[in-house]
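Every chain is numbered from 1, with letters handed out A, B, ... down the list of sequences.
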Number of protein chains: 2
Amino acid sequence: MSLYLPYTVGLMAAKKENRKLDRSTEEKIKSAARTVFHKKGFAATRTREIAEEAGINLALLNYYFRSKEKLFQIIMLETMQGFYQTMIIVFMDGSTTLEEKIEQVAEKYIDLVVEQPEIPLFILSEIRNSSGDFFTKLPINELLKKSSFMQQFQEAVQQKKVADVHPIHFVLNLMGLIVFPFIARPVLTHLGEMADAQFRTVMEERKKLIPVWMKTIMAP
Amino acid sequence: MSLYLPYTVGLMAAKKENRKLDRSTEEKIKSAARTVFHKKGFAATRTREIAEEAGINLALLNYYFRSKEKLFQIIMLETMQGFYQTMIIVFMDGSTTLEEKIEQVAEKYIDLVVEQPEIPLFILSEIRNSSGDFFTKLPINELLKKSSFMQQFQEAVQQKKVADVHPIHFVLNLMGLIVFPFIARPVLTHLGEMADAQFRTVMEERKKLIPVWMKTIMAP
DNA sequence: AAATGTTTTAATCATATGATTAATTTGTAA
DNA sequence: TTACAAATTAATCATATGATTAAAACATTT
């Protein structure tokens, strides 16, 4: 009998681990959902594919998340949070200069999006349909307005170190230069026969180039 | 009896017009399809919605175009053609300088996309899934390689008028600066409370600004 | 070990959706 | 006018898809 104890204990431990992995089951589903949603978008995603990717029964998905919509909203919110966090952190930092902030944003964002290239297109194409509910749940606007970045930027304009154009140009240029290549990636691949390695090289170059370009662009 | 003749003739004329509008029926369906596909993308589009938008019976859609896929491919191809045509025309023109080409591309593209703001996001998000079939059907690659633009660009590099970085940076910067604002438009709307009128103003400004920026960016 | 609650599954449902069919209307020509 | 072809429609089909249910497996507590 005692011979079975270790086995049983082992089994119990494994099961207990699985039990703790209740969280892991939930996480497995979320992870699979992230993968599929990011790649295909909400409308083209089948819950069955998420279930298969997660290695679980379809019913379990609804058991944990009630519906495809609810699961999607969670993924969407987390994705946006993850994306804006980088910008928020850099822009709130009072100890860096305006130039340093640009350098850091370029570097960190390119790193982020090299890891997860589908994110920009995912966010932008899903926002186009959904009403702006996601934004009301994220206090990005308020944070940015009070940020160290905004102060420094307005100062720079007053001191005529930066051209006096609408600040939106600055944001559009910076994010466009960083993010657009990843959105247009498939076009490059098909059109210019650009391989993965070359693309990475180009994006590494841009880490250095974008801050330089931004300075010359925004000069008065 | 003759009293009825005008009416009948009138009716006939109207019907005959409708008959000529066989083409118009096809065109009505395509136009509706364009609208809905552009706005929602392939996966989120319902053929019933296209039919309703076109004011025709659902079966008629399949009568003219066989399937949703076939109809979509036609729309997609025409949309891409329309989008690239602008670039091709400007870039092939041997009578303009490199600077003028940039000015013209910025101006024409912003005009184009102000009229049809959904196009960039539509093209880019649909390409992400579909295999690159659409590109093989469009000879963009070959045309651009032989274009006046390419010649002038390579000349400028040799004469050290333009920085010697990978030419892809040039394309990414130009298209990113032009197109990205339209892709990010919903974010601006929700985040920055930016209204239509203001957005248009900003884009008008960019017609002038982008060529200037491109020059300073690409200087050695 | 028994009882209880939680997680997981197989089977099934209800509806949405793309497509087809058979009949009807309309236009054209003899 | 009649006959024939083309365009259009209402009704229907087949399947995909999100969701639910009832039972089984598993874990936890007593």
Side-chain angles (χ1 to χ4, degrees), chain A residues 1-2 4-5 7-33 36-37 40-75 129, chain B residues 1 4-5 7-33 36-37 40-76 129:
Chain A
M1 280 294 204
S2 58
Y4 291 88
L5 260 177
Y7 176 68
T8 309
V9 169
L11 231 186
M12 291 289 283
K15 292 300 171 183
K16 212 160 205 172
E17 197 149 320
N18 264 342
R19 228 358 162 60
K20 269 182 209 160
L21 301 194
D22 287 352
R23 186 133 301 282
S24 162
T25 298
E26 197 176 311
E27 198 45 59
K28 261 195 312 190
I29 298 174
K30 273 175 62 174
S31 175
V36 183
F37 278 140
K40 305 198 165 181
F42 177 80
T45 292
R46 303 291 101 112
T47 51
R48 279 167 174 81
E49 190 179 347
I50 296 177
E52 194 184 12
E53 170 94 20
I56 52 110
N57 186 290
L58 169 61
L60 208 54
L61 186 152
N62 293 293
Y63 176 75
Y64 275 96
F65 296 96
R66 304 286 304 172
S67 75
K68 184 190 176 187
E69 270 81 6
K70 294 248 171 60
L71 175 55
F72 177 77
Q73 285 188 348
I74 291 170
I75 299 298
N129 302 321
Chain B
M1 280 293 209
Y4 290 88
L5 261 176
Y7 176 69
T8 310
V9 169
L11 232 185
M12 290 290 283
K15 293 301 171 181
K16 213 159 204 174
E17 197 149 320
N18 265 341
R19 228 356 163 61
K20 269 184 207 157
L21 302 193
D22 288 353
R23 183 134 302 283
S24 163
T25 299
E26 198 178 310
E27 198 45 61
K28 262 195 311 190
I29 297 174
K30 274 175 62 173
S31 175
V36 182
F37 279 140
K40 305 200 167 179
F42 177 81
T45 291
R46 304 292 99 113
T47 50
R48 278 167 174 81
E49 190 179 347
I50 295 177
E52 193 184 13
E53 170 94 19
I56 52 111
N57 187 289
L58 170 60
L60 208 54
L61 185 153
N62 292 292
Y63 176 73
Y64 275 96
F65 296 96
R66 306 285 304 172
S67 75
K68 182 188 178 189
E69 270 82 7
K70 295 247 170 59
L71 176 54
F72 176 78
Q73 285 188 350
I74 291 170
I75 299 298
M76 181 71 177
N129 302 321

With a cut-off of less than 4.0 Å, is there a side-chain N or O of [X] near OP1 or OP2 of [N]?
X	N	answer
A/Tyr63	D/dA19	no
A/Thr25	C/dT7	no
B/Thr47	C/dT17	no

4.5 Å side-chain heavy-atom contact, A/Lys30 and A/Phe65
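They are in side-chain contact.
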Mind checking whether B/Phe37 and B/Leu71 have side chains closer than 4.5 Å, heavy atoms only?
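SC-SC contact between B/Phe37 and B/Leu71 confirmed.
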What is the separation between atom [atom1] on [X] and atom [atom2] on [N], rounded to the nearest whole Å?
X	N	atom1	atom2	result
B/Leu61	D/dA7	CG	C1'	14 Å
B/Asn57	C/dA23	CG	P	17 Å
A/Phe65	D/dT20	CZ	C1'	18 Å
A/Ile56	C/dT8	CD1	C1'	9 Å
A/Phe72	D/dA19	CZ	P	14 Å
B/Ile50	C/dG18	CD1	C1'	11 Å
B/Leu60	C/dT25	CG	C1'	13 Å
A/Leu58	C/dT7	CG	P	18 Å

Which is true for A/Glu69 with a 4.0 Å heavy-atom rule: it touches a base, it touches only sugar-phosphate, or it touches nothing?
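Contact class for A/Glu69: sugar-phosphate only.
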Side chain of [X]: nearest nucleotide among [options]?
X	options	value
B/Arg48	D/dA7, C/dA19, D/dA19	C/dA19
A/Asn62	D/dG18, D/dT20, D/dT8	D/dT20
B/Lys68	D/dA19, C/dA19, D/dT8	C/dA19
B/Ala59	D/dG18, D/dT21, D/dT9	D/dT9

Quick check: closest heavy atoms across A/Asn62 and A/Ser67, and the distance to 0.1 Å?
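That would be OD1-CA, 3.8 Å.
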Check: B/Arg46 side chain, C/dG18 base, donor-acceptor under 3.5 Å:
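It does not, because no donor-acceptor pair links the side chain of B/Arg46 to the base of C/dG18 below 3.5 Å.
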Side-chain donor/acceptor of B/Lys68 to backbone N/O of B/Phe42, under 3.5 Å:
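Yes, because the side chain of B/Lys68 sits within donor-acceptor range (under 3.5 Å) of the backbone of B/Phe42.
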Roughly how far, to the nearest 0.5 Å, is CD of B/Glu53 from CD of B/Glu49?
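If we round to the nearest 0.5 Å, B/Glu49:CD and B/Glu53:CD are 7.0 Å apart.
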